[in-house]
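All values reported here derive from a predicted model rather than from experimental measurement.
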Amino acid sequence: MNKKIAALVVTYNPEISRLQINLENLKKQINNVLVVDNGSMNISDVSDVCDVINVDLIKAGVNKGIATAQNIGFNNLRVHDIEWVLTLDQDSLLPNKTIDAFRNSGKMEDESTGIIAISYYDRNWSEKQKRKFQYNGKNSIIEKDFTISSGNLVNIKAWEAVGGFDEFLFIDMVDYDFDAKLKLAGYKSWQLTNVFLNHEIGKVIHKPLLETILFLPDKGRLADHSAFRQYYIYRNSIIFYRRYPMFFKKRMLVLRTFLSTRRLFVYDHPIEKLKKAWKGIADGNRYNPVKDKQFQSRISNCLKHKETLLK
């Protein structure tokens with residue numbers, strides 16, 4: 001029996017030509033496509049594209065963050081009896097026959113499946129970097145602990161069970177936080193190894209000499225983001241690792257995170273971004289998951305659900 005699938009795309013000041021290609025590509029595989037716009041300055045252009053392609057649009061009005069926008073979309077689709085939601089970034093291009101690959105995976109009928117993801121590569125990476133992130137085994141699907149949100153087919157029942165996406169995080173680590181809750185709730189995440197998403201992690205910067213001087217481990221794969229975004233990258237990294245020590249053991253977490261800000265010297269406007277990153281580290285350092293009652297409630301519900309799922 002075919003499960004009802006919809007696609008959800010969250011937009012924020014998108015490049016209109018690429019968004020149009022993205023949505024046209026989606027409509028070839030999924031009839032039900034929803035865009036949630038997070039207060040784009042070019043909302044009239046976004047609206048025009050959605051009208052032309054016959055895509056539903058919800059205007060959030062202001063930027064409420066990726067987690068809030070995704071929850072808005074999931075709540076809307078749930079009312080229409082959608083069972084699985086494909087989440088995509090505004091500039092990610094879904095490969096042909098991806099939906100067929102999802103359906104043929106055999107995992108959509110398994111009630112313990114929380115996510116089926118596809119593999120990805122950044123079009124700005126070199127061929128060597130792309131190969132590094134490609135699975136070289138024989139299996140066409142493997143179990144994963146954590147996957148990025150773009151290209152994920154999410155079981156809407158699993159989304160409900162874990163309390164949705166954490167809106168406090170706003171952006172960055174929202175997907176990994178969701179993955180961790182799924183794992184605690186007894187759900188499994190899978191990744192197709194033979195379907196690849198053309199995805200951008202951001203403006204890739206490559207300054208070989210400076211990267212070597214700074215002893216950066218991820219040379220040639222540094223994605224530049226705004227100062228606003230740097231705050232959440234560093235704050236949420238600390239919050240995430242403090243929330244889930246059962247999955248990760250990070251010694252000297254704050255110090256390691258602080259030292260990692262040296263990569264910002266490779267980016268544009270480094271001083272401004274350093275200030276935001278350090279503020280994010282300070283706020284993350286003040287976070288105590290034990291005192292976060294909403295988080296504790298969600299984790300408690302996840303653990304209870306795992307007992308139910310395993311019966």
Side-chain angles (χ1 to χ4, degrees), residues 1-12 14-38 40 45-60 66 69-111 113-121 140-141 147-160 164-165 175 178 182 189-200:
M1 182 178 180
N2 282 346
K3 303 287 187 178
K4 292 185 67 174
I5 298 176
L8 171 63
V9 179
V10 175
T11 54
Y12 179 67
E15 179 186 333
I16 295 301
S17 59
R18 190 164 176 86
L19 175 64
Q20 182 168 347
I21 294 172
N22 182 0
L23 296 179
E24 288 174 341
N25 193 44
L26 269 176
K27 287 290 285 187
K28 293 176 182 178
Q29 299 187 56
I30 306 174
N31 185 54
N32 195 331
V33 178
L34 173 65
V35 171
V36 176
D37 185 81
N38 245 345
S40 294
D45 293 329
V46 173
S47 182
D48 288 344
V49 167
C50 290
D51 286 342
V52 169
I53 304 176
N54 192 26
V55 167
D56 293 329
L57 172 65
I58 295 176
K59 302 175 184 178
I66 185 70
Q70 287 180 325
N71 283 336
I72 289 172
F74 271 70
N75 276 312
N76 177 276
L77 295 169
R78 175 177 55 177
V79 173
H80 295 90
D81 297 324
I82 296 298
E83 297 169 275
W84 291 81
V85 180
L86 174 65
T87 56
L88 272 182
D89 288 354
Q90 62 192 22
D91 55 2
S92 297
L93 301 180
L94 192 70
N96 294 332
K97 298 184 178 180
T98 298
I99 302 304
D100 290 340
F102 284 140
R103 293 193 186 280
N104 293 334
S105 69
K107 300 302 181 183
M108 292 181 68
E109 306 301 326
D110 188 342
E111 64 177 12
T113 298
I115 287 175
I116 310 173
I118 57 179
S119 302
Y120 76 96
Y121 67 90
S140 61
I141 188 166
T147 63
I148 64 170
S149 62
S150 193
N152 278 1
L153 187 67
V154 181
N155 182 344
I156 206 163
K157 287 184 178 179
W159 168 82
E160 290 178 309
F165 301 100
D175 44 10
F178 182 70
L182 287 178
S189 296
W190 302 92
Q191 184 179 59
L192 298 171
T193 61
N194 54 359
V195 182
F196 288 87
L197 179 73
N198 186 340
H199 172 75
E200 287 189 52

**Item:** Atom pair CG (Asn25) and CD (Gln20), whose distance is rounded to the nearest 0.5 Å
**Value:** 12.0 Å
**Item:** Partner of Ile5 under side chain to side chain contact (heavy atoms under 4.5 Å, CB included), chosen from Asn32, Ile82, Leu153
**Value:** Leu153
**Request:** Check the pair Ser17, Glu15 against side-chain hydrogen bond (donor to acceptor under 3.5 Å, both in side chains), reporting the backbone distance first and the verdict last.
**Result:** CA-CA 6 Å; Ser17 59; Glu15 179 186 333; 3.2 Å; yes
**Asked** Looking at Trp84, is Lys3 sitting on its ring face, NZ or CZ under 6.0 Å from the six-membered ring centre and within 45 degrees of the normal?
**Response** no
**Message:** Can you list everything that forms a side-chain hydrogen bond (donor to acceptor under 3.5 Å, both in side chains) with Thr113? Sequence neighbours excluded, please.
**Reply:** none
Name every donor-acceptor pair, under 3.5 Å, that has one atom in a side chain of residues 51-58 and the other anywhere in the protein, sequence neighbours excluded.
none

**Fill in**
With sequence neighbours left out, the residues meeting salt bridge (Lys or Arg N to Asp or Glu O under 4.0 Å) with Glu24 are none
**Prompt:** Any luck finding a side-chain donor-acceptor pair between Thr193 and Ser119 under 3.5 Å?
**Reply:** no
**Complete:** Correct closest heavy-atom pair for Ile30 and Ala6 would be CG2-CA, 4.0 Å
**Request:** Identify, with sequence neighbours excluded, every residue that meets side-chain hydrogen bond (donor to acceptor under 3.5 Å, both in side chains) alongside Ser149.
**Result:** none
**Complete:** Hits for side-chain hydrogen bond (donor to acceptor under 3.5 Å, both in side chains) against Thr11, two or more places apart or cross-chain, chain-then-number order -> Asp37
Could you go through residues 73-80 and list every donor-acceptor pair under 3.5 Å that involves a side-chain atom there, pairing it with any protein atom two or more places apart or in another chain?
from  : atom 1 : to     : atom 2 : distance (Å)
Asn75 : OD1    : Arg78  : NH2    : 2.3
Asn75 : ND2    : Asn71  : O      : 3.0
Arg78 : NH1    : Glu160 : OE2    : 2.9
His80 : ND1    : Asn76  : O      : 2.9

**Prompt:** Which pair of heavy atoms, one from Phe102 and one from Gly151, lies closest together, and at what distance?
**Reply:** CZ-O, 4.0 Å
**Prompt:** Just checking, any donor-acceptor pair under 3.5 angstrom between side chains of Thr147 and Asn152?
**Reply:** yes
